[in-house]
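Here is the structure we will look at.
In what follows, every chain begins at residue 1, and chains take the letters A, B, ... in the order their sequences are listed.
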Number of protein chains: 2
Amino acid sequence: MNNPTEYQADILKALGQPTRLKIVEFLRDGERCVCEIFPAIGEEQSNTSRHLNMLQASGILSRRKDGLKIYYAIKHPEVMAIVDLSRQIMVQEITGKNLLLQAV
Amino acid sequence: MNNPTEYQADILKALGQPTRLKIVEFLRDGERCVCEIFPAIGEEQSNTSRHLNMLQASGILSRRKDGLKIYYAIKHPEVMAIVDLSRQIMVQEITGKNLLLQAV
DNA sequence: TGCTTATATGACTATACAATCATATAGACA
DNA sequence: TGTCTATATGATTGTATAGTCATATAAGCA
């Protein structure tokens with residue numbers, strides 16, 4: 001995080017990983033504790049914990065403690081907008097490639 | 001690229017790297033050849049070429065050949081929207097941290 | 001106090017990535 | 001044909017990352 005470009009890249013890099021993308025998608029509807037998140041995405045607790053920590057460190061998620069449980073939530077609405085836009089790009093790319101395949 | 005989530009993550013990962021973010025930002029105003037790009041972002045030609053190749057492979061950039069030169073351009077308007085949103089998140093994060101610092 | 005549950009972390013391994021240097025390819029043109 | 005220019009690529013190196021297993025921490029409760 002030495003300069004703005006690196007900071008900005010870190011935010012996008014945090015989202016650019018399948019496990020973390022699954023976490024963010026699962027949190028779309030609101031905050032959840034770790035004990036709900038890791039079974040939902042099918043990853044180990046320790047691995048999920050690391051990714052959650054990274055998402056929080058890069059400003060994607062907020063963290064709230066309640067007794068034993070720790071609740072994570074999407075911190076900025078812009079996060080879901082980015083996720084949705086990247087899916088749009090994916091869909092357009094896949095559609096384009098299928099059209100190419102059909103043309104063969 | 002085995003499943004949609006990985007595909008989507010690859011798009012975001014492609015944007016989540018400082019050198020590639022600089023390339024995309026430089027292409028905001030329109031297509032440019034490699035010979036314009038690498039001096040503008042201050043990276044070596046070979047390194048720039050690799051990043052351009054990756055950005056094209058992940059569907060971020062389009063590529064056009066004209067004689068000796070190869071022109072790259074932003075392929076989807078959603079790309080710049082993502083870049084702008086990620087900067088908004090960064091600004092909010094930095095602002096929030098500065099407020100915290102002032103409170104100390 | 002001791003036990004249980006929820007979450008985090010240390011140590012490790014395998015893999016991926018960015019950058020560099022040298023070199024290859026491919027098109028333009030004399 | 002030979003030379004020049006633009007771009008890509010092979011080989012290599014150092015570093016970062018994801019995932020796993022075992023263990024630590026910390027809060028709640030009997």
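- In this structure, B:Tyr71 does not reach the D:dT7 phosphate: none of its side-chain N or O atoms is under 4.0 Å from OP1 or OP2.
- When hydrophobic clusters are built by joining Ile, Leu, Val, Met, Phe, Trp and Tyr residues whose side-chain heavy atoms come closer than 4.5 Å, directly or via intermediates, B:Phe38 is grouped together with B:Phe26.
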Per-nucleotide protein contact string for nucleotides 25-30 of chain D (B base, S sugar-phosphate only, - none; heavy atom under 4.0 Å): -BBS--
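- The shortest heavy-atom contact between B:Cys35 and B:Lys69 is SG-CE, 4.0 Å.
- A donor-acceptor pair is defined here as one N or O able to donate and one able to accept, closer than 3.5 Å; such a pair exists between the side chain of B:Thr95 and the backbone of B:Val91.
- Heavy-atom distances under 4.0 Å link DNA chain C to B:Gln17, B:Thr19, B:Arg20 of residues 14-30 of chain B, given in residue order.
- Note on A:Glu25 versus A:Arg28: salt bridge recorded, some NZ/NE/NH1/NH2 to OD/OE distance being below 4.0 Å.
- For the side-chain contact (heavy atoms from CB on, under 4.5 Å) with B:Gln17, the qualifying choice from B:Leu21, B:Thr19, B:Leu15 is B:Thr19, the only one to do so.
- Using a 4.0 Å cut-off, some side-chain N or O of B:Arg63 falls inside it from OP1 or OP2 of D:dA8.
- A side-chain contact (heavy atoms from CB on, under 4.5 Å) with B:Ile82 is found for exactly one of A:Val83, A:Ile89, A:Asp84, namely A:Ile89.
- Remark: the backbone N or O of B:Ala14 is paired with a side-chain donor or acceptor of B:Arg20 at under 3.5 angstrom.
- In this structure, A:Glu6 contributes its side chain and A:Asn3 its backbone to no donor-acceptor pair below 3.5 Å.
- Side-chain N/O atoms of B:Tyr72 include none lying less than 4.0 angstrom from OP1 or OP2 on D:dA6.
- Put simply, CG on A:Leu55 is 14 Å from C1' on D:dT17, counting in whole angstrom units.
- Across B:Leu85 and A:Ala81, no two heavy atoms sit closer than the pair CD1-CB, 3.7 Å.
- Applying a 4.0 Å cut-off to non-hydrogen atoms, the residues of residues 31-54 of chain A that approach DNA chain D are A:Glu44, A:Ser46, A:Asn47, A:Arg50, A:His51, listed by residue number.
- Residues B:Met80 and B:Ile60 share a hydrophobic cluster, clusters being chains of Ile/Leu/Val/Met/Phe/Trp/Tyr side chains in contact below 4.5 Å.
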